[in-house]
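A note on names: the letters A, B, ... follow the listed sequences, proteins ahead of strands, and every chain is numbered from 1.
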Amino acid sequence: MKMTTIKELLCADVVCGEENLDSNVFSACGSDMMSDVLAFVKDQAVLLTGLVNSQVIRTAEMMDMVCIVFVRAKLPTPEMIELAKECGIVLMTTEKRMYDACGILYTNGLVGNKIKK
Amino acid sequence: MSEALNFHFDVDGDDFTSAGQASVQIKKNLRQLGISPDTIRRVSIAMYEGEINMVIHAGGGEADVSVTEDYVEILLTDHGPGIANIEQAMQEGFSTAPDAIRSLGFGAGMGLPNMKRYSDYMNIDSEVGKGTTITMRVNL
Ligand SMILES: Nc1ncnc2c1ncn2[C@@H]1O[C@H](COP(=O)(O)OP(=O)(O)OP(=O)(O)O)[C@@H](O)[C@H]1O
Ligand SMILES: [Mg+2]
């Protein structure tokens with residue numbers, strides 16, 4: 001799924017990384033607990049979260065994730081935006097709640113992934 | 001590469017915002033060495049979890065990474081409270097993190113299991129009241 005499609009489906013605003021919106025993502029993960037996110041690895045994934053601090057960006061960077069969507073209209077801080085720009089991660093924000101945002105992406109074909117045991 | 005390459009970091013225990021910077025730096029260094037992205041990701045995640053643990057559970061510590069011909073070794077040393085029951089700490093979901101830490105997105109009890117999951121070798125040496133030393137290796 002292209003990131004432009006994610007933006008449209010979630011009626012999201014792009015905070016940074018507009019120039020990368022044409023790239024594809026292949027899977028997604030939704031959580032407010034970073035170690036839950038870190039248990040899951042998949043190439044070119046998007047993270048949906050309601051958590052707002054620098055560790056969200058670092059977690060995504062460690063995982064080579066390409067996009068973070070903040071749910072419930074949460075806004076990243078200037079420091080977070082700086083960190084995201086440095087590693088080329090797209091940041092978006094949507095008014096939708098976590099459950100709805102995940103459900104919309106899932107029913108449109110963006111599935112999650114099994115935890116690697 | 002015949003001799004090991006060594007990197008050393010002091011991990012500040014008072015600054016949650018900057019926690020993880022050593023792992024970010026190692027990720028860059030390993031990229032420059034031309035190591036495969038999958039291996040780099042495993043090292044990065046394992047080290048990041050360990051680094052965060054030192055910050056939230058042990059008041060900081062030190063991280064030493066060496067790259068040999070055969071593996072990347074991550075050595076994490078702290079002088080925090082130590083881990084009383086390592087077997088219990090290794091279980092998915094076990095955490096002693098207080099609510100304040102949970103609201104920062106940590107305390108799911110998944111860090112140590114993740115470190116085990118992504119490394120090829122892991123050893124925890126811990127003494128209550130003295131501190132914890134964790135060694136992890138990811139094969140190249
Ligand atoms: N360096 C350390 N010093 C002291 N105790 C530790 C250390 N690392 C882990 N622990 C103990 O082991 C428990 C489990 O650690 P683990 O990393 O698996 O989970 P967590 O840090 O509590 O949560 P998460 O990693 O999911 O954010 C911790 O809650 C803590 O009690
Ligand atoms: Mg942890």
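In this structure a side-chain-to-backbone donor-acceptor pair under 3.5 Å is missing from Gln55(A) to Leu104(B).
Heavy atoms of Thr49(A) lying under 4.5 Å from chain B are absent altogether. Looking at Asn53(A), only its side chain comes within 4.5 Å of chain B, counting heavy atoms on both sides.
Rounding to the nearest 0.5 Å places CG of Asp43(A) at 8.0 Å from CG of Asp38(B). The OG atom of Ser35(A) sits 7.5 Å away from atom CG of Asn53(B), with the distance rounded to the nearest 0.5 Å. Separating the CZ atom in Arg58(A) from the OG atom in Ser18(B) is a distance of 6.5 Å, to the nearest 0.5 Å. Atoms CG and OG1, from Leu83(A) and Thr17(B) in turn, are 10.0 Å apart once rounded to the nearest 0.5 Å.
Contact detail for Leu38(A) and Tyr118(B): the closest heavy-atom pair is O-OH, 2.7 Å. When all heavy atoms of Ala108(B) and Asp36(A) are compared, the closest pair comes out as CB-OD1, 4.2 Å. Shown here for Met62(A) and Lys27(B), the closest heavy-atom pair between the two residues is O-NZ, 3.1 Å.
In the model, Tyr48(B) has no side-chain atom that pairs as donor or acceptor with a side-chain atom of Glu61(A) under 3.5 Å.
For the options Gly20(B), Gly111(B), Ala19(B), Ser44(B), heavy-atom pairs under 4.5 Å to chain A are most numerous at Ala19(B). Options Arg41(B), Glu49(B), Gln21(B) differ in how many heavy-atom pairs under 4.5 Å they form with chain A, and the most are formed by Arg41(B). The greatest number of non-hydrogen atom pairs below 4.5 Å with chain A, out of Ser103(B), Ser23(B), Gly109(B), is found for Ser23(B). When each of Asn114(B), Ile40(B), Val43(B) is checked for heavy-atom pairs under 4.5 Å with chain A, Asn114(B) comes out on top.
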